[in-house]
There are 2 protein chains.
Amino acid sequence: MVEKTRRQAIEDAASALFHAHGYSGTSVRDIARAVDIQGASLYAHVTSKQDVLWSIVERTAARFEAAADAIEAADPGAATFGRGVYLIALVRAHVGVVTDDIERASVFVHEWRALEGHRREEIARRRDAYEDRFRTVIADGVRAGAFHAVDPVATAAYVLTALNGLVSWYKPDGRLSARVIADTYADLSLRAAQAPRMPA
Amino acid sequence: MVEKTRRQAIEDAASALFHAHGYSGTSVRDIARAVDIQGASLYAHVTSKQDVLWSIVERTAARFEAAADAIEAADPGAATFGRGVYLIALVRAHVGVVTDDIERASVFVHEWRALEGHRREEIARRRDAYEDRFRTVIADGVRAGAFHAVDPVATAAYVLTALNGLVSWYKPDGRLSARVIADTYADLSLRAAQAPRMPA
DNA sequence: CCTACCGATCGGTAGG
DNA sequence: CCTACCGATCGGTAGG
């Protein structure tokens, strides 16, 4: 249990440092200093710097996936949800994961490219599959006439990068609460995709 | 002239490397290798690695500013432009600068934080002033009843981070041309901010 | 633009 | 979790 707490503290410290200075801008001694141990002592708890990054990125990827899965679980195949409601739910889920742990979300968004080999490839695949949820709901909405989006791929990229942009400005103690941001971002995203109710 | 070409080649190579691996993930020897000289020889052309970053970031900041200034110059005080037209022009200008030089735009968006001291502060100020152009046009549009945006600050952040997100997916030889992306992104941004023509 | 070199720091290991 | 240490690489300088 003590061991686990230490490991958790190391990942917390690494998340904050990777968020602030990037993976390659952070040394293992920076991380060690943040948890008050010697640089070399870090290796009693982790096998490598890459391993710490992987742990942060993988767990955060899983959180995004779980949040989106919960929507699908609530209404399989979107049997009763309209596409607008579905898109709103996806946006809210994403914003929630970001605001719940801004540092880890930031590392997931910006530092996954520092992953090496098959781990990097795995995350690239999972990110694409996740983005595809946005593409699909938008494309479905366009087909149903509820959405206007000319290009679902570009629209999904627009929306998702806007949501991810939160990691560069959200402050937990800022003027706008996580709740207000979720409301606002859901509204903006729906509005961007939606067809006008009464075309001019 | 030969000297100038070399310096330009160094900044081109540095832009590509900073874009791909980040500032701290790129060594001066990486840059030197890309222009086929020895690491130490780089210092015949630049005074420091920081200096190269500064040069790239400052010039790119100036390009974003000039593109936005050109809109204001075309219609001072937006005397004849509607706010929607003005926002669309800002979005198109921004997208144009990004797609015109994706690598430098990427360095500007992601690596300006690696700047040190007063240079970092200067860019932080200029970025804020630039973002303020978006906040202002949106706030003006809300006052005039043309826009719906509940919070102009959050809306400006949403739109601008979506535009900046282009640096992580735009490919000059991709399926979507710079022109199509500019059209699509202008449409999405206006739609996100706009009041419905006929409220339901 | 090169060779030769600087002190500092890098991620990580050995051995306790 | 520590001290002591490893080879490699870092940004940069000297002197031509």
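Within every chain, numbering begins at 1; the chains are lettered A, B, ... in the order of the sequence lines, protein sequences first and strands thereafter. Every heavy atom of this structure was used, including side-chain atoms; hydrogens, water molecules and symmetry mates were not.
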Q: Could you state the CZ-C1' distance from B:Arg6 to C:dC1, rounded to the nearest angstrom?
A: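 Value for this atom pair: 9 Å.
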Q: Excluding sequence neighbours, so at least two apart, what forms salt bridge (charged side-chain N to carboxylate O under 4.0 Å, His left out) with B:Asp100?
A: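 For B:Asp100 there are no salt bridge (charged side-chain N to carboxylate O under 4.0 Å, His left out) partners, ignoring immediate neighbours.
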Q: Find the distance B:Arg33:CZ to D:dC10:C1' and express it as a whole number of Å.
A: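 For the pair B:Arg33 CZ and D:dC10 C1', the rounded distance is 13 Å.
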Q: Under 3.5 Å, which donor-acceptor pairs do the side chains of residues 104-114 of chain B form with other protein atoms, sequence neighbours left out?
A:
from	atom 1	to	atom 2	distance (Å)
B:Arg104	NH1	B:Asp12	OD1	3.1
B:Arg104	NH1	B:Asp101	OD2	3.2
B:Arg104	NH2	B:Asp12	OD1	2.8
B:Ser106	OG	B:His19	ND1	2.7
B:Glu111	OE1	B:Tyr23	N	3.1

Q: What integer distance in Å separates B:Gln38:CD from C:dT3:P?
A: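 It works out to 5 Å between those atoms.
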Q: What about B:Val97 and B:Val180, same hydrophobic cluster or not, with Ile/Leu/Val/Met/Phe/Trp/Tyr joined at side-chain heavy-atom distances under 4.5 Å?
A: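 Yes, it is one cluster - the side chains of B:Val97 and B:Val180 are joined through contacts under 4.5 Å.
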Q: Any link between B:Val153 and A:Ile102 through a network of hydrophobic side chains (Ile, Leu, Val, Met, Phe, Trp, Tyr) touching at under 4.5 Å?
A: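 No.
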Q: Let me have the donor-acceptor pairs involving side chains of residues 27-34 of chain A, under 3.5 Å, with sequence neighbours excluded, atom names and distances please.
A:
from	atom 1	to	atom 2	distance (Å)
A:Ser27	OG	A:Arg29	N	3.4
A:Ser27	OG	A:Asp30	N	3.0
A:Ser27	OG	A:Asp30	OD1	3.4
A:Ser27	OG	A:Asp30	OD2	3.3
A:Asp30	OD1	A:Arg33	NH1	3.3
A:Asp30	OD2	A:Ser27	N	3.0

Q: How would DNA chain C look in dot-bracket form, 5' to 3', counting Watson-Crick and G-U wobble pairs with both distances under 3.5 Å and writing | for bases paired to another strand?
A: ||||||||||||||||
Q: Taking only residues two or more places apart in sequence or in another chain, which ones pass ring-ring contact (aromatic ring centres under 6.0 Å, His included) with A:Phe134?
A: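 In terms of ring-ring contact (aromatic ring centres under 6.0 Å, His included), with neighbours along the sequence ignored, A:Phe134 is linked to A:Tyr130.
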Q: Which parts of nucleotides 11-16 of chain D does protein reach within less than 4.0 Å, heavy atoms only, written one letter per nucleotide 5' to 3' as B for base, S for sugar-phosphate only and - for none?
A: BBB---
Q: Considering residues at least two apart in sequence or located in another chain, which fulfil the side chain to side chain contact (heavy atoms under 4.5 Å, CB included) criterion with A:Ala93?
A: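 Per chain and number, A:Ala93 pairs via side chain to side chain contact (heavy atoms under 4.5 Å, CB included) with A:Ala67, A:Ile71.
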Q: Which residues satisfy the salt bridge (charged side-chain N to carboxylate O under 4.0 Å, His left out) test with A:Glu65, sequence neighbours excluded?
A: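 Expected list: A:Arg126.
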Q: Can you name the residues that form a salt bridge (charged side-chain N to carboxylate O under 4.0 Å, His left out) with B:Arg143, not counting sequence neighbours?
A: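 Once residues adjacent in sequence are excluded, the partners of B:Arg143 under the salt bridge (charged side-chain N to carboxylate O under 4.0 Å, His left out) criterion are B:Asp140.
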Q: Which residues in residues 12-20 of chain A have a heavy atom closer than 4.0 Å to any atom of DNA chain C?
A: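 Hits under 4.0 Å, by residue number: none.
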Q: Atom CZ of A:Arg7 to atom P of D:dC1: distance rounded to whole Å?
A: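 The answer, rounded to whole Å, is 14 Å.
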Q: What pairs of residues pass the side chain to side chain donor-acceptor pair (under 3.5 Å) test when at least one of them lies in residues 148-158 of chain A, not counting sequence neighbours?
A: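 For residues 148-158 of chain A, and leaving out neighbouring residues, the side chain to side chain donor-acceptor pair (under 3.5 Å) pairs sorted by first residue read A:His148-B:Arg191, A:Asp151-B:Arg175, A:Tyr158-B:Ser189.
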Q: Go through the structure and list residues passing salt bridge (charged side-chain N to carboxylate O under 4.0 Å, His left out) with B:Asp128, not counting sequence neighbours.
A: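 In terms of salt bridge (charged side-chain N to carboxylate O under 4.0 Å, His left out), with neighbours along the sequence ignored, B:Asp128 is linked to B:Arg135.
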Q: Rounding to a whole Å, what distance do you find between A:Asp30:CG and C:dC10:C1'?
A: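 Whole-Å distance recorded here is 11 Å.
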